[in-house]
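Here is the structure we will look at.
As the structure lists them, so they are numbered: ligands from 1, and atoms in each ligand from 1. Remember, it's a predicted structure, so these values are computed and weren't measured experimentally.
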Amino acid sequence: MTKILMVCLGNICRSPLAEGILKSKVFGFKTSIDSAGTAGYHIGEKPDRRSIGIAKKNNIDITDQSSRKFVIEDFDKFDLIYAMDNSNYDNIIRLARNESDKSKVKLILNEIFPGENLDVPDPYNGGDFGFKNVYKMLDEACGIIAKKLNENG
Ligand code: 4NP
């Protein structure tokens with residue numbers, strides 16, 4: 001079973017969407033998918049209403065999620081840790097204890113654009129368009145991740 005963690009800054013906008021979208025695309029019980037934030041600003045909160053809204057429009061319910069902070073033990077619990085942007089990536093890498101921890105951390109948009117190290121833009125201070133854009137990017141990236149999981153387990 002591949003265990004995947006999606007990570008952004010607040011765990012209320014981007015990574016809850018990534019979690020919900022990926023869960024909607026994998027079949028059976030081959031995976032365990034969770035999300036976390038590198039900052040603790042919103043611990044215990046539900047996803048942002050704009051993330052809930054765009055997910056709902058796409059028939060995905062993320063209202064049962066609640067924000068938590070990334071912890072060192074996540075390196076032991078997960079096989080793949082997808083950072084939403086370069087700043088999150090650097091924050092996670094800084095916490096890594098060894099090369100094995102580091103090797104688990106990937107930038108999610110490299111699934112679509114390998115090696116380009118692009119960011120999923122932080123939509124928190126923008127309007128609904130930003131969330132629509134984030135949804136589109138994550139839907140495409142998670143489609144690629146899910147295809148690999150569904151093929152390889
Ligand atoms: P997220 O978005 O990292 O995609 O969850 C943000 C949420 C909250 C804040 C920043 C980004 N904040 O500064 O509170």
Can you tell me which residue among Ile144, Asn150, Ile145 is in a side chain to side chain contact (heavy atoms under 4.5 Å, CB included) with Lys148?
Ile144
Heavy-atom cut-off of under 4.0 Å around ligand 1: list whichever protein residues fall inside it, by chain and number.
Cys8, Leu9, Gly10, Asn11, Ile12, Cys13, Arg14, Tyr41, His42, Asp122, Tyr124
Would Phe75 and Tyr82 show up in the same hydrophobic cluster when neighbours are defined by side-chain heavy atoms closer than 4.5 Å?
no
Working note: Asn88 + Asn91, criterion side chain to side chain donor-acceptor pair (under 3.5 Å); need CA distance, chi angles, decisive distance, verdict.
CA-CA 5 Å; Asn88 311 146; Asn91 288 336; over 6 Å; no
Does atom CG of Asp128 have more than 12 heavy-atom neighbours, drawn from other residues, nucleotides or ligands, at distances under 6.0 Å?
no
Separation between CG of Asp48 and CD1 of Ile54, rounded to the nearest 0.5 Å:
12.0 Å
Got more than 12 heavy atoms from elsewhere within 6.0 Å of NZ, Lys23?
yes
